[in-house]
Amino acid sequence: MRAVDIIIKKRDGGELNREEIQFFVKGFAEDTIPDYQAASFAMAVFFNGMTPRETADLTYAMTETGDLIDLHGVVDIAVDKHSTGGVGDKTTLVVAPVVSACGLPVGKMSGRGLGFVGGTWDKMESIPGYRLDLTTEEFLNQLKDIGLVLTGQTADLAPADGKLYALRDVTGTVKSIPLIASSVMSKKLAAGAQAIVLDVKCGLGGLVETIGEARKLATLLVSIAHQADRKAIALLSDMNQPLGIAVGNALELREAIDILHGRGPGDFREHCIVVASQLLVLGGIVKDSDEARSVIQKALESGKAWQRFRDLVIAQGGDVTYIDHPEKLPLADYSEDIDAKSVGFIKKIDARVVGETVVFLGGGRAKKGDPIDHGVGILVHKNVGDRVENGETIFTVYANQEEKLVQARTHLLGAVELSDSVVDPLPLFYGMVQ
Ligand code: URA
């Protein structure tokens with residue numbers, strides 16, 4: 001077999017068989033197929049797509065290039081969640097301890113943020129000492145001991161995906177539904193959880209913008225999981241406007257801590273409750289989402305979920321005084337409110353522009369390996385549908401370079417559209433695929 005023939009077949013709209021896909025992925029992982037051929041392959045898939053069967057084969061081939069974590073014998077069932085990425089999406093920081101406190105072990109590996117999309121890794125790194133580099137043995141021991149792990153994605157998990165994703169990032173081939181689905185699921189399958197809730201973000205700040213694309217991606221993700229004998233459902237959630245109030249690493253961690261203490265924005269709290277409910281139902285420890293909701297409320301109100309988060313931080317070496325006293329967490333030196341320039345109803349708060357502004361402030365990376373400023377970010381005080389008065393604050397910006405405040409203001413004012421007539425609020429969710 002030759003890599004070039006596989007590329008040509010896909011370029012001309014052909015359907016690849018399993019052997020061809022395995023040959024290509026293995027060769028790429030082992031460096032016998034060079035980057036330029038893999039980039040060309042990715043572009044051929046970008047334009048010509050893949051059938052669900054090809055996508056599943058690509059997923060398994062990438063999973064098999066690295067370690068496979070086996071949770072059998074460690075816990076009866078462990079669950080995992082995955083978001084396709086969004087702006088202000090700190091759901092994992094709340095859902096993981098809540099679900100674990102409800103009695104269902106959560107073992108999760110998260111990635112760093114890239115571009116305007118944040119990553120759980122960077123948010124947890126705001127806590128001094130917190131380790132995101134657990135070994136597989138440490139992962140398994142901690143899952144058994146406290147029922148909760150939140151660590152960084154290791155390079156040994158689906159390494160072919162790590163390589164391919166880096167190439168896609170610089171060759172304009174990220175936004176391909178089969179490539180996204182195989183990338184996400186190759187890592188999820190390798191990480192071992194038996195039940196997975198996928199949060200497919202849809203809108204201006206998501207990887208896919210339309211509900212149709214989100215449904216297509218969700219359907220693929222779920223079917224790949226089912227074919228690998230994992231339970232899975234996917235939620236389609238809004239990512240036109242940022243989720244919750246805080247965008248930026250330590251600011252988001254503070255908001256997650258607020259929710260774990262029973263405070264914080266209602267829409268973000270509701271989002272977390274829905275995701276956590278689906279995990280509890282899928283994990284089989286409640287009969288339906290009504291029962292899940294009441295168990296979750298108890299875990300939050302009793303302080304059990306918060307306690308579990310503390311246990312997690314302690315287990316992974318973090319300085320717990322930073323979450324007990326979140327005012328110790330990094331916060332940028334300069335801040336400025338950005339106010340409405342007229343009266344009206346908010347029609348749009350472009351999540352992507354908000355995310356890009358956080359990157360501009362230093363809170364995200366323009367390219368892999370860039371350093372992160374954990375203390376910068378934006379508070380978004382309004383939602384689509386809210387009425388604002390002239391002069392009312394819409395955003396608060398936190399920056400470590402005073403001169404960046406001016407440009408951030410211009411970006412953010414451009415992210416907002418007002419309407420004279422009443423605007424409906426955006427839904428949190430558009431549906432579910434199971
Ligand atoms: N997240 C991933 O892990 N892979 C993609 O392709 C896109 C988002």
- request: Might you point out which heavy atoms bring P265 and I259 nearest each other, and give the distance in Å?
  value: O-CD1, 3.7 Å
- prompt: How far does NE2 of H374 sit from CG of N249, to the nearest 0.5 angstrom?
  reply: 5.0 Å
task: Go through the steps to decide whether F309 and V94 satisfy the test side chain to side chain contact (heavy atoms under 4.5 Å, CB included), and finish with yes or no.
output: CA-CA 8 Å; F309 188 64; V94 174; over 6 Å; no
- prompt: Ignoring hydrogens and geometry, is there a side-chain-to-backbone donor-acceptor pair from K108 to T92 under 3.5 Å?
  reply: no
message: Just so I know, are the side chains of K81 and T91 near enough to count as touching, which here means a heavy-atom distance under 4.5 Å?
response: yes
query: Do the rings of F268 and H271 sit parallel, tilted or perpendicular, given the 30° and 60° boundaries?
result: parallel
statement: Residues P427 and D238: closest non-hydrogen pair is O-CB, 3.2 Å
query: If only atom types and distance count, is the side chain of K90 paired as donor or acceptor with the main-chain N or O of A246 below 3.5 Å?
result: yes
message: So does V320 get a backbone contact from the side chain of R310, meaning a donor-acceptor N/O pair under 3.5 Å?
response: no
field: S186 side-chain N/O to T63 backbone N/O, donor-acceptor pair under 3.5 Å
entry: no
query: Would you say the side chains of N390 and S342 form a donor-acceptor pair under 3.5 Å?
result: no
- request: Verify, without hydrogens or angle tests, whether S419 (side chain) and F345 (backbone) share a donor-acceptor contact under 3.5 angstrom.
  value: no
- prompt: If every non-hydrogen atom of L405 is compared with every non-hydrogen atom of A399, which pair is closest and at what distance?
  reply: CD2-CB, 3.7 Å
- request: Kindly give the heavy-atom pair with the smallest separation between F360 and A408, and that separation in Å.
  value: CE2-N, 4.0 Å
task: Working to the nearest 0.5 Å, report the span between CD1 of I127 and OH of Y322.
output: 11.0 Å
- prompt: What is the distance from atom NZ of K201 to atom CG of L236, rounded to the nearest 0.5 Å?
  reply: 10.5 Å
- prompt: Are any of the side-chain heavy atoms of L179 and L58 separated by less than 4.5 Å?
  reply: yes
- prompt: Any chance NZ of K175 has more than 12 other-residue heavy atoms, nucleotides or ligands included, within less than 6.0 Å?
  reply: yes
query: Would you say M109 and I69 make side-chain contact, with heavy atoms under 4.5 Å?
result: yes
message: Does any part of the side chain of K348, heavy atoms only, come nearer than 4.5 Å to the side chain of V423, both counted from C-beta?
response: no
- prompt: Has E137 got more than 12 heavy atoms of other residues, nucleotides or ligands less than 6.0 Å from its CD?
  reply: no
- request: Give the C-alpha distance, both sets of side-chain angles, the deciding distance and a yes or no for side chain to side chain contact (heavy atoms under 4.5 Å, CB included) between L204 and E209.
  value: CA-CA 6 Å; L204 299 169; E209 290 199 11; 4.3 Å; yes
query: Would a distance-only check, ignoring hydrogens and angles, find a side-chain to backbone donor-acceptor pair under 3.5 Å from E54 to M50?
result: no
field: Verdict with supporting geometry, L312 and Q142, side chain to side chain contact (heavy atoms under 4.5 Å, CB included)
entry: CA-CA 9 Å; L312 167 77; Q142 188 175 312; 3.7 Å; yes
message: Nearest 0.5 Å, please: how far is OH in Y130 from CG in L150?
response: 4.5 Å
message: Counting C-beta onward and ignoring hydrogens, is there a side-chain heavy-atom pair between R215 and V200 closer than 4.5 Å?
response: no
statement: Exactly one of D311, L134, L148 clears side chain to side chain contact (heavy atoms under 4.5 Å, CB included) with Q316, and that residue is L134
message: Do R409 and V397 have side chains that approach each other closer than 4.5 Å (heavy atoms only, starting at C-beta)?
response: no
- request: Could you tell me which non-hydrogen atom of M185 sits nearest to which non-hydrogen atom of I224, and how far apart they are?
  value: CB-CG2, 3.9 Å
- request: Check whether any side-chain heavy atom of D57 sits under 4.5 Å from a side-chain heavy atom of R53, and report yes or no.
  value: yes
query: Do V25 and Y60 pass the side chain to side chain contact (heavy atoms under 4.5 Å, CB included) test, and can you show the C-alpha distance, the side-chain angles, and the key distance before you say yes or no?
result: CA-CA 10 Å; V25 170; Y60 307 136; over 6 Å; no
Side-chain donor or acceptor of R365 paired with backbone N/O of D370 under 3.5 Å: yes
- prompt: Does S100 reach the main-chain N or O of P105 with its side chain, forming a donor-acceptor pair under 3.5 Å?
  reply: no
message: Can you confirm whether more than 12 heavy atoms, excluding those of K144, are under 6.0 Å from its NZ atom?
response: no
- prompt: To the nearest 0.5 Å, what is the distance between OG1 (T173) and CG (L167)?
  reply: 7.5 Å
query: Can you name the residues that form a side-chain hydrogen bond (donor to acceptor under 3.5 Å, both in side chains) with E417, not counting sequence neighbours?
result: none
- request: State, yes or no, whether a side-chain contact exists between N383 and L426 at a heavy-atom distance under 4.5 Å.
  value: no
- line: Taken to the nearest 0.5 Å, the spacing of Q153 CD from R112 CZ works out to 12.0 Å
- prompt: Is a donor on one side and an acceptor on the other found under 3.5 Å between the side chain of R352 and the backbone of V87?
  reply: no
task: Check whether more than 12 heavy atoms from other residues, nucleotides or ligands sit under 6.0 Å from atom CG of D337, and answer yes or no.
output: yes
query: Salt bridge check: are D80 and K188 linked by an N-O gap of less than 4.0 Å?
result: yes
- request: Report yes or no: do D319 and T321 form a side-chain donor-acceptor pair below 3.5 Å?
  value: yes
- prompt: What closest approach, in Å, do M239 and A351 show between heavy atoms, and which atom pair accounts for it?
  reply: O-CB, 3.8 Å
- request: State whether the side chain of E213 and the backbone N or O of V208 hold a donor-acceptor pair below 3.5 Å, judged by distance alone.
  value: no
field: K404/E336 ion pair, N-O < 4.0 Å
entry: no
